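Each chain gets a letter, A, B and so on, in the order the sequences are listed, and its residues count up from 1. Just so it is clear, the model here is predicted, and its values are computed rather than measured.
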Amino acid sequence: MAKRAKQESPGRNAAFDRIYAMVDSIPRGSVATYGQVAREAGLPGRARQAGSALRNLPVGSALPWHRVIDARGAIRTPGGRQRKLLEREGVRLQANGRVDLAQYGWRPEW
DNA sequence: ATAATGACTTTCA
DNA sequence: TTGAAAGCCATTA
């Protein structure tokens, strides 16, 4: 049988899968930070990898990637489509263009 | 193989 | 409030 050709690093997929699972569990109308996603996924301190994982998502993914923002509540994705997606879900942005984490921040304990 | 990059966070000034 | 600096590490070059 075919030996699997050049598999990726073992840790990569596992980490990505956890991140994806986390993002997928963010309820509609709420947002989570990259750091929070990473931490809840069992990867404390690896917020960047959360970002990398999301950046790697194929277009048309069912994952609610737009619900992930930075620790200040600011949108870090280029373009500007994320803002629209959030507003469409009822997430209101402040005058400074940032999301009020105290209000929309996801609380997994709920 | 090494070096630079980045959809980040936190702390300190 | 802003900005610099250090920490983090998979991905890219």
Engineer: Hey, does A:R46 reach any base, or is it just sugar-phosphate, or nothing, if we go heavy atoms under 4.0 Å?
Structural biologist: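 Sugar-phosphate only.
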Engineer: Whole angstroms only, please: what is the CZ-P distance between A:R72 and B:dT11?
Structural biologist: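 Checked: the CZ to P distance equals 15 Å.
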Engineer: Show the nearest heavy-atom pair for residues A:L101 and A:A71, with the distance to one decimal.
Structural biologist: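 Nearest heavy atoms, A:L101 then A:A71: CD1-O, 3.3 Å.
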Engineer: Quick one: do A:E40 and A:R18 make a salt bridge, cutoff under 4.0 Å?
Structural biologist: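 Looking at A:E40 and A:R18, the cut-off is not met.
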Engineer: Could you pick out which residue, A:G51 or A:R39, lies toward the 5' side of DNA chain B when each is mapped onto its nearest nucleotide?
Structural biologist: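 It is A:G51, whose closest nucleotide lies nearer the 5' terminus.
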Engineer: Tell me if a side-chain donor or acceptor on A:R92 pairs with a main-chain N or O of A:G90 at a distance below 3.5 Å.
Structural biologist: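 Flag not set: sc A:R92 to bb A:G90 has no pair under 3.5 Å.
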Engineer: Return the value, rounded to whole Å, for the distance between atom CZ of A:R18 and atom P of C:dA10.
Structural biologist: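 About 12 Å, once rounded to whole Å.
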Engineer: Rounded off to whole Å, could you give me the CZ-to-P distance for the A:F16 and B:dA7 pair?
Structural biologist: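 Atom-to-atom, A:F16 to B:dA7, this comes out as 13 Å.
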Engineer: Just the rounded figure in Å: distance from P of B:dG6 to CD of A:Q49.
Structural biologist: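 Between P of B:dG6 and CD of A:Q49: 14 Å.
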Engineer: Do the side-chain N or O atoms of A:R55 get closer than 4.0 angstrom to the phosphate oxygens (OP1, OP2) of B:dA7?
Structural biologist: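 Yes.
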Engineer: Once you round it to whole Å, what is the distance between P of C:dA10 and OH of A:Y34?
Structural biologist: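 For the pair A:Y34 OH and C:dA10 P, the rounded distance is 19 Å.
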Engineer: For a side chain to side chain contact (heavy atoms under 4.5 Å, CB included) check, start with the C-alpha distance between A:S25 and A:W106, then their side-chain angles and the critical distance, and finish with the verdict.
Structural biologist: CA-CA 10 Å; A:S25 60; A:W106 177 39; 3.6 Å; yes
Engineer: Starting at OH of A:Y20 and ending at C1' of C:dA10, how long is that distance when rounded to a whole Å?
Structural biologist: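 Answer to the nearest Å: 12 Å.
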Engineer: Using only modelled atom types and a 3.5 angstrom limit, is any donor from either the side chain of A:R48 or the base of C:dG7 paired with an acceptor on the other?
Structural biologist: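 Answer is yes: a donor-acceptor pair is held.
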Engineer: Quantified in whole Å, what is the P atom distance between nucleotide C:dG7 and nucleotide B:dA7?
Structural biologist: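 Nearest-Å result for C:dG7 against B:dA7 at atom P: 22 Å.
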Engineer: To the nearest angstrom, how far is A:R98 atom CZ from C:dT1 atom C1'?
Structural biologist: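 Checked: the CZ to C1' distance equals 10 Å.
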Engineer: Please compare A:S52 and A:G45 by the position of their nearest nucleotide in DNA chain C and report the one closer to 5'.
Structural biologist: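 So the residue in question is A:G45.
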Engineer: Take a 6.0 Å sphere around CZ of A:R55 and say whether it holds more than 12 heavy atoms from other residues, nucleotides or ligands.
Structural biologist: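 Atom CZ in A:R55 is not crowded, with 12 or fewer foreign heavy atoms closer than 6.0 Å.
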Engineer: Quick one: A:W65 CH2 to B:dC8 P, roughly how many Å, whole number?
Structural biologist: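 Whole-Å distance recorded here is 13 Å.
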